[in-house]
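We number each residue from 1, following the sequence as shown.
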Amino acid sequence: METVAGRTHEVTNQVPPLVGHDVAADPVLLEGLKREGADWYADDLHRIGVLAGTEEVQRWGDEANRFEPELRTHDRYGNRVDEVGFHPSYHALMDVAVREGLAGAPWGQHKPGTHVARAAGFMVWSSVEQGHGCPISMTYAVVPALRANAELAAEYEPLLTSRVYDPGLRAPLGKRGLLAGMGMTEKQGGSDVRANTTTATPAPDGTWRLRGHKWFTSAPMNDVFLVLAQAPGGLSCFFVPRVLPDGTRNTFLIQRLKDKLGNRSNASSEPEFDDTVAWLVGAEGRGVRMIIEMVTMTRLDCILGAASGTRAALNQAAHHVRYREAFGSRLIDKALMRNVIADLALESEAATTLALRVAGAADRSLHGHEGERAFLRLATVVGKYWVCKRQPAAVAEALECLGGNGYDEASGMPRLYREAPLNGIWEGSGNVNALDVLRALVREPEAVAAFRAEVDAAAGGDGRLDAAWRGLQAELVLSEDAELRARRLVERMALVLQGALLVRHAPSAVADAFCASRLDGDHGAAFGTLSSGVDFDGVLTRVPALGW
């Protein structure tokens with residue numbers, strides 16, 4: 001019998017690649033988009049979603065991480081250049097993000113729902129690759145803070161809100177579009193920015209000169225940065241361009257790039273300032289207030305990114321179990337696997353619904369709605385804490401659904417897993433956010449009132465939610481051990497808020513399963529421990545990849 005060398009078997013029972021679909025074809029996302037006032041954006045969102053689902057764009061995400069940024073400190077002649085090079089796929093991802101208005105563009109528009117639309121687009125596009133979302137997010141967050149200096153804003157805002165991606169270090173006002181970054185943390189303080197030692201000295205020409213070292217400044221090839229430094233009047237915020245208006249390089253000495261767990265496509269650096277030219281933004285000594293302006297927006301993007309990463313992992317797992325067979329039938333037809341996927345779907349739907357609600361509050365607050373502004377203050381921090389905390393656990397469970405295939409880099413799951421902790425660390429770790437909630441509960445009664453009103457809107461919709469809310473309200477009056485219990489309190493606030501949103505807006509199968517498992521304790525410590533009373537069919541119909 002003749003044999004063919006190397007043909008020992010046929011490959012069967014392997015899952016086809018998850019490509020050729022519309023990432024935006026997601027009922028949870030589309031319903032939230034409409035509910036929060038941006039239904040007019042649906043066609044554009046689908047267009048981004050179709051692009052995100054292509055094989056080419058999936059390859060961009062892979063290549064941007066496999067071919068990492070490279071630092072070049074000097075040119076061939078020994079001149080200091082401090083430049084970072086990126087793979088073309090990184091630039092391709094950035095070009096789409098800027099062109100589609102996911103960076104600063106919403107600040108140049110005044111249509112209601114613009115920031116919700118941007119949030120939905122950011123979630124869809126970042127599902128491909130999250131590292132490049134960092135400079136996009138910072139550019140979005142910097143614009144409102146820069147407005148504290150009307151002269152700078154008049155010059156630079158039109159370029160920060162541009163939809164043109166124009167990379168490369170050149171005089172900023174001669175470019176077609178700009179990207180912004182932030183330089184806040186230092187090695188001795190981290191989140192405690194009041195411990196910063198970078199100094200700012202006034203110069204005779206009205207500018208300032210900075211001297212110091214920053215510990216974690218992402219996207220060092222961005223055009224302009226908002227930097228914290230100690231001025232004579234206290235911690236202040238400064239505008240630092242990489243290239244000065246006359247075309248000369250500002251002093252921005254990149255000492256090294258961080259060797260990070262994930263987020264590998266994004267260059268995070270340690271820059272040193274030495275007589276670096278800067279302009280004051282806001283009043284001297286008001287640097288922390290300027291931080292709050294920026295951090296509210298970047299924390300929103302952390303929620304969006306975590307919800308997007310959770311959704312991406314869920315869809316990978318659902319796609320796998322839809323096609324993979326074991327023990328005589330498809331995995332999705334196994335009762336226990338249905339339990340796992342449904343549980344992950346609940347987590348994802350709750351995260352997405354909360355993320356879009358916060359984006360809606362941001363949009364309406366920018367149009368003068370004071371109640372939404374108050375709600376945004378508390379909901380952003382609560383959501384940032386909890387949605388980001390849940391992402392790593394959800395991604396790990398989704399990866400396990402793929403078994404050994406999920407542990408292989410080719411599946412894309414290891415990259416999602418490495419990325420998962422990031423949103424919980426960026427813009428304040430869990431403890432920082434939990435303590436921020438405690439401060440708001442004491443100092444901002446209007447924010448507490450807005451949170452109460454949001455949950456009260458679901459009153460009577462589910463007895464388990466009502467009971468959980470009654471118990472939580474007693475804890476909102478802080479006791480002496482409040483700091484010790486802060487994480488537990490904020491977790492409960494997040495679950496009650498998510499429950500209220502789902503009771504009001506989600507199908508009954510989803511709301512019922514969420515309230516039973518997350519609020520009434522009918523759940524184990526791991527995913528896949530929902531009770532037999534759950535309407536699994538009703539929950540699973542909300543998972544996009546089961547229908548793509």
Side-chain angles (χ1 to χ4, degrees), residues 1-26 49-68 87-89 92-93 124 127-130 262 264-265 308-345 348 394-420 526-528 536-537 539-548:
M1 179 178 178
E2 185 178 353
T3 61
V4 179
R7 285 185 56 180
T8 61
H9 66 285
E10 288 186 34
V11 177
T12 62
N13 196 27
Q14 284 288 349
V15 175
L18 181 54
V19 295
H21 59 283
D22 176 5
V23 177
D26 179 342
V50 170
L51 182 61
T54 63
E55 184 175 3
E56 179 184 25
V57 169
Q58 297 293 327
R59 176 174 52 78
W60 292 352
D62 174 62
E63 290 177 344
N65 283 269
R66 283 196 295 116
F67 302 100
E68 297 179 17
H87 189 271
S89 288
L93 291 165
V124 167
S127 69
V128 174
E129 200 284 320
Q130 294 209 338
R264 308 291 292 193
S265 68
S308 174
T310 300
R311 199 69 168 173
L314 165 67
N315 281 322
Q316 288 287 351
H319 176 74
H320 182 86
V321 302
R322 177 187 180 189
Y323 288 96
R324 184 77 165 181
E325 294 185 1
F327 308 110
S329 63
R330 297 185 309 163
L331 288 175
I332 191 57
D333 296 326
K334 305 291 187 182
L336 191 53
M337 183 58 79
R338 289 170 65 79
N339 198 321
V340 171
I341 299 298
D343 211 353
L344 289 171
S348 178
V395 174
E397 191 67 58
L399 187 154
E400 187 177 325
C401 291
L402 277 68
N405 287 332
Y407 214 67
D408 190 316
E409 288 288 344
S411 72
M413 293 301 289
R415 174 155 56 89
L416 280 175
Y417 186 67
R418 288 192 296 269
E419 201 76 25
F527 285 103
F536 288 96
D537 288 339
V539 174
L540 292 171
T541 58
R542 309 284 282 175
V543 179
L546 293 179
W548 283 339

request  = With sequence neighbours excluded, give me every ring-ring contact (aromatic ring centres under 6.0 Å, His included) pair touching residues 398-419.
outcome  = none

query = Which pairs with one or both residues in residues 49-61 pass side chain to side chain donor-acceptor pair (under 3.5 Å), sequence neighbours excluded?
reply = R59-E63

task = Any side chain to side chain donor-acceptor pair (under 3.5 Å) involving residues 323-338? Give me the pairs, sequence neighbours left out, ordered by first then second residue.
result = S329-K334, R330-D333, R338-D537

query = Is there a donor-acceptor pair closer than 3.5 Å between any side-chain N or O of H21 and the backbone N or O of G547?
reply = no

key: Sole candidate of E129, Q130, E419, H87 that passes side chain to side chain donor-acceptor pair (under 3.5 Å) when paired with N65   = E129

task = With sequence neighbours excluded, tell me which residues meet salt bridge (charged side-chain N to carboxylate O under 4.0 Å, His left out) with R322.
result = none

inquiry  = Using the side chain to side chain donor-acceptor pair (under 3.5 Å) criterion, which residues pair with T12? Sequence neighbours excluded.
reply    = none

key: Shortest non-hydrogen contact from D343 toward G528   = OD2-N, 2.8 Å

request  = Considering non-hydrogen atoms only, spot the tightest contact between L344 and A394 and give its length.
outcome  = CD2-O, 3.7 Å

query = Can you tell me how far OG of S89 sits from CG of D62, rounded to the nearest 0.5 angstrom?
reply = 8.5 Å

Residue list, side chain to side chain contact (heavy atoms under 4.5 Å, CB included) with A342, at least two apart or on another chain = L530, F536, V539, L540

query = What are the two closest heavy atoms between A25 and P544, and how far apart are they?
reply = O-CB, 3.6 Å

key: Reported CG-to-CG distance for the pair L314 and L416, which is rounded to 0.5 angstrom   = 11.5 Å

task = Sorted by first residue and then second, give each salt bridge (charged side-chain N to carboxylate O under 4.0 Å, His left out) pair with at least one member in residues 13-25; sequence neighbours left out.
result = none

ask   = Quick one: salt bridge (charged side-chain N to carboxylate O under 4.0 Å, His left out) pairs with a partner in residues 396-417, sequence neighbours left out?
value = E409-R418

remark   = By side chain to side chain donor-acceptor pair (under 3.5 Å), N339 pairs with (sequence neighbours left out) none

With D26 via side chain to side chain donor-acceptor pair (under 3.5 Å) - residues at least two apart = R311

message = Quick test of your reading: applying side chain to side chain donor-acceptor pair (under 3.5 Å), list the pairs with at least one residue in residues 539-548, sequence neighbours left out, ordered by first then second residue.
response = E31-R542, E349-R542

note = Residues A64 and L93: closest non-hydrogen pair is CB-CD1, 4.0 Å

Straight-line distance of L331 CG to C401 SG, nearest 0.5 Å = 8.5 Å

key: Shortest non-hydrogen separation from V395 to G309 and the atoms involved   = CG2-O, 4.2 Å

query = Which pair of heavy atoms, one from L402 and one from S411, lies closest together, and at what distance?
reply = CD2-CB, 4.3 Å

ask   = Under the side chain to side chain donor-acceptor pair (under 3.5 Å) test, which residues partner N405, sequence neighbours left out?
value = none

